[in-house]
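Read the numbers this way: they start at 1 and go in the same order the structure lists the ligands and their atoms.
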Amino acid sequence: MLSEFDLIAHYFTRPPRHADRVPLGVGDDCALLAPAAGMQLAISSDMLVEGRHFFPEADPRLLGHKCLAVNLSDLAAMGARPLAFTLALALPEARSEWLAPFSEGMLALADAHGCELIGGDTTKGPLNICITVFGEVAPGAALRRDAAVAGDEIWVSGSLGDARLALAGYRHEIPLDDATLGEAATRMHAPVPRVALGLALGGIAHAAIDVSDGLAGDLGHILERSKVGAVLNVDALPAGSMLRKQPQELRRRFALAGGDDYELCFTAPRARHEQVLAAGAAAGVAVTCIGRVDAQPGLRLEDTSGAPVSLQLSSFDHFASP
Ligand code: ADP
Ligand code: MG
């Protein structure tokens with residue numbers, strides 16, 4: 001069995017890759033971080049708990065990827081550039097068969113974004129993974145939830161609902177063939193944080209949020225904080241490639257209130273429509289205009305013909321009664 005210090009040295013300590021930004025990494029009482037002159041730090045934490053956010057038998061490599069991906073997604077939603085992260089880890093036992101693929105999955109994604117692991121804490125206990133990410137953003141450039149304005153268009157990146165479809169398959173809520181479940185499950189296990197898009201939207205978008213608990217609920221946070229309302233065209237929602245083949249009611253419900261999508265939902269002035277499309281193209285991700293912000297409070301759903309659509313939706317809430 002590895003000791004706590006062997007484990008940290010072996011799986012979570014590497015020579016600093018960006019000494020300019022990280023003058024001191026893992027191994028001291030604190031790490032030292034040096035954001036570029038004049039930049040603000042963007043900071044966010046996300047915790048993943050076994051049995052709540054992932055299945056006990058989850059593949060450790062994918063889990064390593066996902067726990068960092070969901071944190072990078074928060075930086076993306078702020079338009080911030082990733083700098084570094086810390087990892088607080090409770091583990092039932094120190095097994096290299098688990099630790100090696102977990103750290104490889106996590107550090108591969110870290111390297112893809114130039115985001116350095118600078119420290120953390122390691123303790124014995126039920127599996128629990130808490131990451132804090134640090135990013136940088138120019139003053140005034142952050143994509144805040146309170147910045148949507150009546151008249152803005154509402155956009156979403158990529159596609160929605162396939163992760164929720166996979167969950168429905170695992171839970172036997174609906175029958176799914178193995179190929180469909182396998183494809184949809186990739187969206188659940190290996191989300192792609194839209195970091196490049198978040199950066200490209202700086203100076204173009206007004207407000208942004210990452211879609212983790214379902215589009216309707218997460219957009220609702222923007223509307224509430226910005227004191228505006230919105231109309232969404234449910235037929236314009238980009239359903240995931242597997243969800244697209246499902247019946248209309250399910251398609252709409254999972255696209256609107258699925259969760260675990262890790263796409264960006266953002267608003268931008270209508271006059272910047274072409275710039276938003278160009279930002280998506282530059283970032284290599286589809287962006288779809290799905291509605292508009294207005295002054296009437298609340299979120300209203302319409303179909304393409306403009307007829308109102310009513311759907312029973314529930315956004316994910318850990319403390320809601322079942
Ligand atoms: P302390 O006693 O000051 O809390 P620790 O013994 O917990 O320090 O950690 C020693 C060093 O290893 C610190 O620099 C800490 O940031 C780092 N560290 C601990 N756990 C992890 C981890 N899971 N990933 C990365 N760095 C870690
Ligand atoms: Mg410690």
List ligand 1 atoms under 4.0 Å from [X], heavy atoms only on the residue side.
X: Asp28; answer: 13 (C), 14 (O)
X: Phe5; answer: 6 (O)
X: Gly119; answer: 16 (O), 24 (N), 25 (C), 26 (N), 27 (C)
X: Asp121; answer: 7 (O), 19 (C), 20 (N), 21 (C), 23 (N)
X: Thr122; answer: 19 (C), 20 (N), 21 (C), 22 (C), 23 (N)

Practice task
Please indicate whether any nitrogen or oxygen in Ile118 is less than 3.5 Å from any nitrogen or oxygen in ligand 1.
Solution key: no
Handout entry: Sub-3.5 Å N/O-N/O distance, Gly120 and ligand 1
Key = yes
Answer yes when [X] and [Y] have at least one side-chain N-carboxylate O distance shorter than 4.0 Å, and no when they do not.
X: Arg21; Y: Glu116; answer: no
X: Asp294; Y: Arg300; answer: yes
X: Arg144; Y: Asp146; answer: yes

Exercise for the section: Go through Asp210 and Arg194 one step at a time and tell me if the salt bridge (Lys or Arg N to Asp or Glu O under 4.0 Å) criterion holds. Expected result: CA-CA 9 Å; Asp210 67 322; Arg194 304 301 188 188; over 6 Å; no
Problem - Derivation and outcome, salt bridge (Lys or Arg N to Asp or Glu O under 4.0 Å), residues Asp111 and Arg14 - result: CA-CA 12 Å; Asp111 288 345; Arg14 306 188 302 172; 2.9 Å; yes
Exercise for the section: Would you kindly specify which portion of Leu87 sits under 4.0 Å from ligand 1, judged on non-hydrogen atoms: side chain, backbone, both or neither? Expected result: both
Handout entry: Any Tyr11 heavy atom less than 4.0 Å to ligand 1
Key = no
Exercise for the section: Name the orientation class of the two ring planes belonging to His189 and Tyr170 (parallel below 30°, tilted from 30 to 60°, perpendicular beyond 60°). Expected result: tilted
Handout entry: Plane angle bin for Phe12 and Phe102 - parallel if under 30°, tilted between 30 and 60°, otherwise perpendicular
Key = perpendicular
